[in-house]
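Order of listing sets the numbers, starting from 1, for every ligand and every atom in it.
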Amino acid sequence: MFNIVIFGAPGSGKGTQSDRLIERYGLHHISTGEVLRDHIARGTDLGKTADSYISKGQLIPDDLMIRVLEHVLDSNPDKTAAGVIFDGFPRTIEQARALKDMLARRGSELHAVVGLEVPEDELVRRMVERGRLTGRADDTPETIKNRLKVYHASTAPLRDYYVGEGKYHAIDGNGDVDAITESIHRSLCERVPGLSGINN
Ligand code: AP5
Ligand code: MG
């Protein structure tokens, strides 16, 4: 199993690059934001709870989010996938420790963290534009501001955590989408033995 976390601020391109990486490496994609938005759309109890946090740009509490992730991991129907790309999880040090334990209990580990680094004005521009085009509920100016504040306070410290674990791959996430995919590929191939053999 080959497991990657795609990491970055709101609007940094985690979903966009995940779509490309799952195709390239045959990975299964788990986006916690998409899981929660699906629950909101279906009106489940989890969806109602999640909506009360997401609409304010706050994080879902760690204990709940960890249980949700564990459930999603266990109900992964894609048993033939080469591994998993985690998009939007972990977002706190507590979640990072939980992910490490979860993977270890399944005889696996996290191989790499791809960190998409994008200037703040570009993040805001992308989210405002997406809000205009798609109406995504948390892409309003006030919620975007809070999502970025929460990112800096709770999620950004994970960068140093994963640098310390020797897993962090800093990627310039600004510019052409295809060029960013290529730089992720090059960076992963340099440090993850066997990856270039999975696919090219
Ligand atoms: P989540 O859905 O994960 O949202 P996010 O982290 O805020 O990130 P986005 O999905 O907005 O952006 P992205 O990085 O995926 O970029 P994208 O490719 O879409 O989480 C939503 C909420 O759920 C959280 O706020 C929280 O409340 C809750 N939640 C989720 N996980 C949680 C967890 N683990 N713990 C607690 N709470 C959790 O790109 C953005 C836009 O830019 C798109 O329109 C795209 O087309 C465009 N774009 C992409 N790349 C480029 C490029 N290179 N140049 C120009 N435009 C680009
Ligand atoms: Mg996303």
[X] and [Y] ion-paired at < 4.0 Å:
X	Y	value
Arg125	Glu122	yes
Arg132	Glu129	yes
Arg105	Asp101	no
Arg106	Asp74	yes

Below 3.5 angstrom, do we get any N/O pair linking [X] and ligand 1?
X	result
Arg130	yes
Arg125	no
Gly13	yes
Gln17	no
Ser31	no
Glu122	no
Asp176	no
Gly8	no
Gly15	yes
Thr32	yes

Leu99 side chain near Phe86 side chain, heavy-atom distance below 4.5 Å: yes
Residue pair Ile4 / Leu188, side-chain heavy-atom distance below 4.5 Å: yes
Has [X] got any heavy atom lying under 4.0 angstrom from an atom of ligand 1?
X	result
Gly175	yes
Pro61	no
Arg37	yes
Gly11	yes

Partner set under salt bridge (Lys or Arg N to Asp or Glu O under 4.0 Å) for Glu117, not counting sequence neighbours: Arg159
Between His152 and Glu120: side-chain donor-acceptor atoms closer than 3.5 Å: yes
Thr143 side chain to Asp138 side chain, donor-acceptor N/O pair below 3.5 angstrom: no
Looking only at protein heavy atoms, which one is nearest to [atom], and what is the separation?
atom	value
atom 35 (N) of ligand 1	Gln95 NE2, 3.0 Å
atom 29 (N) of ligand 1	Leu36 CD1, 3.7 Å
atom 4 (O) of ligand 1	Arg136 NH2, 3.1 Å
atom 18 (O) of ligand 1	Thr16 OG1, 2.5 Å
atom 13 (P) of ligand 1	Lys14 N, 3.4 Å
atom 22 (C) of ligand 1	Ile54 CG1, 3.9 Å
atom 37 (N) of ligand 1	Ile60 N, 3.1 Å
atom 27 (O) of ligand 1	Gln58 O, 2.6 Å

Side-chain donor or acceptor of Ser108 paired with backbone N/O of Ala104 under 3.5 Å: no
Spatial distance of atom CD1 (Ile54) from atom NE2 (His39) [nearest 0.5 Å]: 11.0 Å
Side chain to side chain donor-acceptor pair (under 3.5 Å) partner of Lys100, chosen from Gln95, Glu165, Glu109: Glu165
side-chain hydrogen bond (donor to acceptor under 3.5 Å, both in side chains): pairs with one or both residues in residues 6-17, sequence neighbours excluded: Gln17-Thr181
Option of least heavy-atom distance to atom 1 (P) of ligand 1 (set: Pro10, Ser154, Gly33, Ser55): Gly33
Nearest neighbour of atom 20 (O) of ligand 1 from the list Arg147, Arg91, Arg126, on a heavy-atom basis: Arg91
Geometric class of the Phe7/Tyr168 ring pair [parallel <30°, tilted 30-60°, perpendicular >60°]: perpendicular
